[in-house]
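Here's the structure we're looking at; comments come further down.
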Number of protein chains: 2
Amino acid sequence: MVQKAKPTNRAPKVVDVARLAGVSTATVSRVLNDPEKVSQNTREAVLAAVKETGYRINRAARNLRTNSTRSILALVPNLSNPFFSNILSGLERALNAEDYSLLVTDSGDAPLTPDQMDRLIAAGQADGLIVLDGSISQADFAEVQANNPSCPIVFACEWVNDVNCPSVRADNVGGVATLVDHLWENGHRRFGHVMGPTSNVLSTVRRDAFVTRVSELGGETRNPWILQGTFSIDAGRAAAEAISAMSDRPTAWICASDQIAFGLISGLTRAGINVPDDASVAGFDNIEMTEVFNPPLTTIHQPRNKMGHQAAQSILELIRGQENRAQVHILPVQLVNRESTGPAPR
Amino acid sequence: MVQKAKPTNRAPKVVDVARLAGVSTATVSRVLNDPEKVSQNTREAVLAAVKETGYRINRAARNLRTNSTRSILALVPNLSNPFFSNILSGLERALNAEDYSLLVTDSGDAPLTPDQMDRLIAAGQADGLIVLDGSISQADFAEVQANNPSCPIVFACEWVNDVNCPSVRADNVGGVATLVDHLWENGHRRFGHVMGPTSNVLSTVRRDAFVTRVSELGGETRNPWILQGTFSIDAGRAAAEAISAMSDRPTAWICASDQIAFGLISGLTRAGINVPDDASVAGFDNIEMTEVFNPPLTTIHQPRNKMGHQAAQSILELIRGQENRAQVHILPVQLVNRESTGPAPR
DNA sequence: TGTTTTGTTGTAATCGATTACAAAATGGTA
DNA sequence: TACCATTTTGTAATCGATTACAACAAAACA
């Protein structure tokens, strides 16, 4: 019977394996990295020696020599946001499957400065960067890219305009249009929108899609019916206050996130405006809680795990030189029709 | 005026800095790691050279030489769970402040095998491990610890019993007792509990605390009133079905997590049992959504960020040899009294 | 002034894997 | 058998920082 890795005092290295297998370190290394380059016999001998010694590669040494780290750094605006953690989850699994690991940095809701980003990149802790933060200005980002021309970067979910990086995102335009259509079919003709922060691409893209679709259908919206805020519950509540003070208001509200919708509905209800009887409210994201919220929220489902997965694929292909720098992956979304929307009041 | 780092084709190394400053590489390294060991003059010269060359340390080389990585690996059962991401957030910030970075591994809700854990640890990618997963069996964990006696490990939030590692957790017993007391004061005398998975420490600790406190007060609970499940919304819904089929049931329910409570309330409502008029329901965790849920959820607030922060401190101290291996940090919790609980129906 | 102590700096070995290049073994063919 | 092509293996340099040790200089002391 084969012995379990014997308790050595020192961690075994390639030389130990090589000695035991009666080959050179080069051969051991080859067995581990390019098995086909080695004859079957020696390969088996080496693998046996690896098992017997309990050898585990020293990453630092390999990283130094190969000038790579087999890890990817994700830049997240706010880790405590469940939306991001879902994407990270998909990301992490896809990376792990390829023997890459995931480093996470929380930029703390304040967009990173170019200098901070340079430092993160130059730290040489990662082979690539996945940016989940769309609040970075185009100029700042261009600077970072210019300073680090060889650093593979992929955007996931959010992105920065006019930057030459692969990007993975949901079909935001289609999603918003679907919501408008859904409300339109329910007889609504006057539409309002609660945006995220104006500094964020998603906010503006969704707002524009909203305005476009409403006008295509011939519906009505007005500037004061488009409220700005953040993607948070609190922003939704604040919007509710503003709305309840309006003398003349839309019957249908589309929110830029589910959290906004929660706050909005909560606030409207408190103000005596019943959802969906007096006003319909739709969200965006389909986070887990939408289902048990009262009323269950009509929203757009984003394939979060898939987005993480695709982002992982893209960055790996970029690292391997197979990905087109300008590739934009737009993943389809789906309307989830629940009970926060209904027929327009007459 | 000082030039910005000039665009070299090759990343500058210590030798480049040394040459420019007219000193040896040893001196450069000393300036960067032990500034006091170097005279003021040379120190300034070196720092100037660092700035001029735009030198950034190569971590792989340093890691190899010092046999450390300045990064910490967090083992998370499920990244998409908002509860964990909040802790990670606190963790990441505290680590970053000390120039450590955070690696994340999602064990995918299936507890890791000892072998998988060994591999993660031995990969030498991290100087320490923060375990957020309490579903690992005591035997498995003991094995891992025996195999890696020198690896600093800290538990956060969840933990494994009878293991000699620092642990950071909320006051689960106190929290549950507070909930029971709160319901008791509202006139409830018959109590039920919806647990998490039995394999999880938190589940059993909370369940035991529940049983203990109810009996201390002289209240009533029975085995069939203690339902098992997972920490999920779905489990709460399933519990609601079971409950609505009971002929004789408690008036007060304490759930092991907010998510369970959401599912439970949603299910009870659907079954025609009104919360809080017909039954009171309390959660545990105080996740963000509790506030806008309808009815707003009475729950126990856990200091999630603080837990992450404390876990970071503990692991750093452990790495530096200052932390007591058996230290248990129990952070205080708070009752958040909202509207899902009320007077017992008569 | 000579001797010791203290403080500062440099030389060169070292961490552990990968890989260019060369050498050896193998197989195929005339 | 001799020759060439191909496959397999080994030798030793290399990645870039840290640090033990030694050397030197400056300060303190007798």
Side-chain angles (χ1 to χ4, degrees), chain A residues 8-50 53-71 99 122-127 150, chain B residues 8-50 53-71 99 122-127 150:
Chain A
T8 37
N9 26 12
R10 219 175 23 73
K13 327 176 200 180
V14 261
V15 276
D16 301 317
V17 176
R19 194 151 25 222
L20 185 61
V23 299
S24 72
T25 60
T27 301
V28 173
S29 177
R30 277 189 283 255
V31 169
L32 265 26
N33 298 308
D34 270 313
E36 325 79 56
K37 298 255 168 220
V38 162
S39 78
Q40 168 129 17
N41 280 342
T42 40
R43 192 189 317 157
E44 281 166 6
V46 168
L47 289 178
V50 166
T53 54
Y55 170 77
R56 295 267 171 66
I57 198 174
N58 178 317
R59 296 230 180 196
R62 181 219 259 165
N63 292 351
L64 173 58
R65 184 54 228 245
T66 62
N67 194 30
S68 74
T69 63
R70 299 209 134 236
S71 63
D99 195 26
Q125 293 184 99
D127 297 345
S150 63
Chain B
T8 38
N9 26 12
R10 216 173 29 72
K13 327 176 204 183
V14 261
V15 277
D16 301 317
V17 176
R19 195 152 24 225
L20 184 63
V23 298
S24 73
T25 59
T27 300
V28 174
S29 176
R30 278 189 282 255
V31 169
L32 265 27
N33 298 309
D34 269 313
E36 326 79 56
K37 298 255 167 218
V38 163
S39 78
Q40 170 127 18
N41 281 341
T42 40
R43 196 189 316 160
E44 279 166 6
V46 168
L47 289 178
V50 166
T53 54
Y55 171 77
R56 296 267 172 69
I57 197 174
N58 178 318
R59 297 228 179 197
R62 181 219 259 166
N63 291 352
L64 174 58
R65 186 55 229 243
T66 62
N67 195 29
S68 74
T69 62
R70 297 211 136 235
S71 62
D99 194 26
Q125 294 182 99
D127 296 347
S150 63

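Chain letters run A, B, ... following the sequence lines, proteins first and then strands; every chain starts at 1. All figures in this text were calculated on a predicted structure; none of them were measured in a lab.
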note: B:N41, atom CG; D:dA25, atom P; distance rounded to Å ~ 17 Å
So A:S29, base contact, sugar-phosphate only, or nothing? Heavy-atom distance under 4.0 Å. base
Heavy atoms only, 4.0 Å cut-off, all strands: where does B:V15 land among base, sugar-phosphate and nothing? nothing
Between CZ of A:R19 and P of D:dT11 the distance, given in whole Å, is 13 Å
DNA chain C nearest-nucleotide lookup for B:S24 and B:L64: closer to the 5′ end is B:S24
May I ask you to evaluate whether A:N33 reaches the phosphate of C:dT18, defined as a side-chain N or O under 4.0 Å from OP1 or OP2? yes
**Study point:** A:S29 side chain to A:T25 backbone, donor-acceptor under 3.5 Å
**Key:** no
For A:V28, report the nucleic acid contact type (base, sugar-phosphate, nothing); a contact means any heavy atom under 4.0 Å.
nothing
Correct closest heavy-atom pair for A:A21 and A:A45 would be CB-O, 4.0 Å
CZ of B:R65 to CG of B:N63, rounded to nearest 0.5 Å, is 13.0 Å
| field | N/O (side chain, A:S39) to phosphate O (OP1/OP2, D:dT9) under 4.0 Å | value | yes
5'-most contact on DNA chain C (nearest-nucleotide basis), B:A61 vs B:T27, goes to B:T27
Next on the checklist: With a 3.5 Å cut-off and heavy atoms only, can you find an N or O donor on one side and an acceptor on the other between the side chain of B:R65 and the base of C:dT14?
Outcome noted: yes
When you look at CG of A:N67, are more than 12 heavy atoms from neighbouring residues, nucleotides or ligands closer to it than 6.0 Å?
no
Quiz prompt | Expected output: side-chain B:T69 to main-chain B:D127 donor-acceptor under 3.5 Å | solution = yes
Whole-Å distance, B:E44 CD to C:dT8 C1', equals 16 Å
In whole angstroms, the gap separating P of C:dA17 from CG of A:D16 amounts to 9 Å
Under 3.5 Å donor-acceptor pair, B:R30 side-chain atoms to C:dG10 base atoms: yes
note: B:E36, atom CD; C:dT6, atom P; distance rounded to Å ~ 19 Å
| message | Base, sugar-phosphate or nothing for B:T42? Non-hydrogen atoms, less than 4.0 Å. | response | sugar-phosphate
Picking from D:dT19, C:dT19, C:dA17, the nucleotide nearest the side-chain atoms of A:T25 would be C:dT19
Does C:dA17 have its OP1 or OP2 closer than 4.0 Å to a side-chain nitrogen or oxygen of A:Y55?
yes
Taken to the nearest whole Å, CG/B:N67 to P/C:dC15 is 11 Å
Whole-Å distance, B:N63 CG to D:dC15 P, equals 18 Å
Between CG of B:D34 and P of D:dA17 the distance, given in whole Å, is 17 Å
